[in-house]
Protein chains: 2
Amino acid sequence: MTSPAKRQRADARRNYDVLLEAAKDVFARLGTDAPLEIVAQEAGVGRGTLYRHFPSREHVFAAIMRDSAELLDARARELLDAPDGATRLPEWLRLYDRAATEYPGMSGHVGDGLADDGSPVAATCAPMKASFAALLDRARAEGHVRPDVTATQVLTLVGALPKDPATGRTAEPYLDVVLAGLRITT
Amino acid sequence: MTSPAKRQRADARRNYDVLLEAAKDVFARLGTDAPLEIVAQEAGVGRGTLYRHFPSREHVFAAIMRDSAELLDARARELLDAPDGATRLPEWLRLYDRAATEYPGMSGHVGDGLADDGSPVAATCAPMKASFAALLDRARAEGHVRPDVTATQVLTLVGALPKDPATGRTAEPYLDVVLAGLRITT
DNA sequence: ACCTGAACACCGTTCAAGT
DNA sequence: ACCTGAACACCGTTCAAGT
């Protein structure tokens, strides 16, 4: 279930899939700011075809995030009833961080997209975002989290954390600092 | 003391000053990712002249930061002996955040530059960075700060915090979250 | 209905010619 | 020694022509 279920010609559907795989490949090698021109080339289609399927780079990110967003959504709903209330949020946010940094440079775009309701990333990740918000609400109700942060803010903040240039992953100890900062420590 | 003290022709020196003022003006209006072409135009010089004085956009940021870095350096040295140990770091980091966000989009570049010893920003801000490191060391020694963060990491993290799109300033409550996360709270 | 690739736009960067 | 602006490169984006 990696592409949208719209009715379309077989070649169009195939091009979508090929483009998405090419994008993952190119992004993995060159980072998510790589020229989309290269993606079209590697997919073996014309530039116009790429822009038809993915009107903007953000649409590519949204497509890339589709599967992880589904997993993260499910995981958030599971964690809602997990026994140890204090560790639910850290655990989920680490998974989110891993998913958002799967391709170098993507997490900032994902975090920004989640803060903008008009973005394709926000559309794709809406269920995940809602489930995380529920998780955050419960943590807040139980007094584990400072009350002045919203779900969107947390996701945007984590997405913005500086990266290790070598791996593209969030560098240590930024996530730990943020998790500590979110805790209520009276 | 806004431009380097190298010996140069009067017109060159004047062009440097005009370009820097133009950059501030353009950055204030269009953000720090604005085309440098516009800066050259507004300064009334050719593109080549701009690149002669500022080989890269980072060099412009370094020049823009020169004065604030001097102030921040002085302030850090003052605060080293301030009475209330727990508030020294927050106070200074708020000032740093204000300076780095003076032009929309600049703080990320400044934070990245400070983490890269080869960058012109790192060169310009070296005294400031050293003074801040001393401040951080003392806070660490007094047990106010978690021991696993370096000065560079703190400055890069603060520079990376998400911005309010309207003002370009660090949005609330990100800096508060980070400051809380840096504290030792046993 | 979709694809292709030429064409245009934008802007960073260089450099030959000028003063 | 420095300035200028034409020229090139790169790449996002569009669109007329084709299938």
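Please read these numbers as outputs of a predicted model, since none were measured by experiment. Order of the sequence lines fixes the chain letters, A, B, ..., with proteins taken first and strands second; residue numbering starts at 1 for each chain. Values below: all heavy atoms of this structure, side chains included; hydrogens, waters and symmetry mates excluded.
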* To do: To the nearest Å, give me how far apart CZ (B/Phe54) and P (C/dT13) are.
  => 15 Å

* Structure fact -> Of the candidates D/dA6, C/dC3, D/dG12, the side chain of A/Leu36 sits closest to D/dG12

* Structure fact -> Taking for B/Gly46 and for A/Ile38 the nucleotide of DNA chain D with the nearest heavy atom, the one nearer the 5' end belongs to B/Gly46

* Considering only D/dT14, C/dT4, C/dC11, which nucleotide approaches the side chain of A/Arg47 most closely? -> D/dT14

* To do: For B/Glu172, check salt bridge (charged side-chain N to carboxylate O under 4.0 Å, His left out) against everything at least two apart and list the hits.
  => none

* Euclidean distance, atom CG of residue A/Leu50 to atom C1' of C/dA6 [Å, nearest integer] -> 17 Å

* Asked: Counting distance only, does the side-chain N/O of B/Ser131 pair as donor-acceptor with the main-chain N or O of B/Arg77 below 3.5 Å?
  -> no

* Could you write out DNA chain D as a dot-bracket string, with dots for unpaired bases, | for bases paired across to another strand, and Watson-Crick or G-U pairs counted at under 3.5 Å? -> ||.|||||...|||||.||

* Figure out the CZ/P separation between B/Arg13 and D/dC3, and round it to whole Å. => 13 Å

* Euclidean distance, atom CD of residue B/Gln41 to atom P of D/dA6 [Å, nearest integer] -> 13 Å

* Asked: To the nearest angstrom, how far is B/Asn15 atom CG from D/dC3 atom P?
  -> 5 Å

* When the nearest nucleotide of DNA chain D is assigned to A/Pro35 and to A/Gly48 on a heavy-atom basis, which residue is associated with the more 5' position? -> A/Pro35

* Counting heavy atoms from C-beta on, name the nucleotide in D/dG12, C/dC11, C/dC3 closest to the side chain of A/Arg52. => C/dC3

* To do: Take atom NE2 of B/His59 and atom P of C/dT13, then tell me their distance rounded to the nearest Å.
  => 11 Å

* Report the C-alpha distance between B/Phe54 and B/Tyr16 in whole Å, list the side-chain angles of each, state the deciding distance to 0.1 Å, and finish with yes or no for ring pair (Phe, Tyr, Trp, His ring centres under 6.0 Å). => CA-CA 9 Å; B/Phe54 302 98; B/Tyr16 178 95; 5.0 Å; yes

* Closest contact, heavy atoms only, A/Ala76 versus A/Phe132 -> CB-N, 4.2 Å

* To do: Begin from the C-alpha positions of B/Arg88 and B/Trp92 and carry the test side-chain contact (heavy atoms from CB on, under 4.5 Å) through to its verdict.
  => CA-CA 6 Å; B/Arg88 291 186 294 232; B/Trp92 191 88; over 6 Å; no

* Among the nucleotides C/dC3, D/dA7, D/dG12, which one has an atom lying closest to any side-chain atom of A/Thr49? -> C/dC3

* Considering just the side-chain nitrogens and oxygens of B/His53, establish if one lies under 4.0 Å of OP1 or OP2 belonging to D/dC3. => yes

* Asked: Roughly, in whole Å, what's the span from CD in A/Glu37 to P in C/dA7?
  -> 15 Å

* **Exam field: side chain B/Arg183 to backbone B/Arg146, donor-acceptor pair closer than 3.5 Å** => no

* To do: Could you give me the CA-CA distance, side-chain angles and deciding distance for A/Arg140 and A/Asp137, then say whether salt bridge (charged side-chain N to carboxylate O under 4.0 Å, His left out) is met?
  => CA-CA 5 Å; A/Arg140 195 172 9 234; A/Asp137 279 345; 2.6 Å; yes

* When you get a sec, tell me which of C/dT13, C/dC3, D/dT13 is the closest nucleotide to the side chain of B/Tyr51? => C/dT13

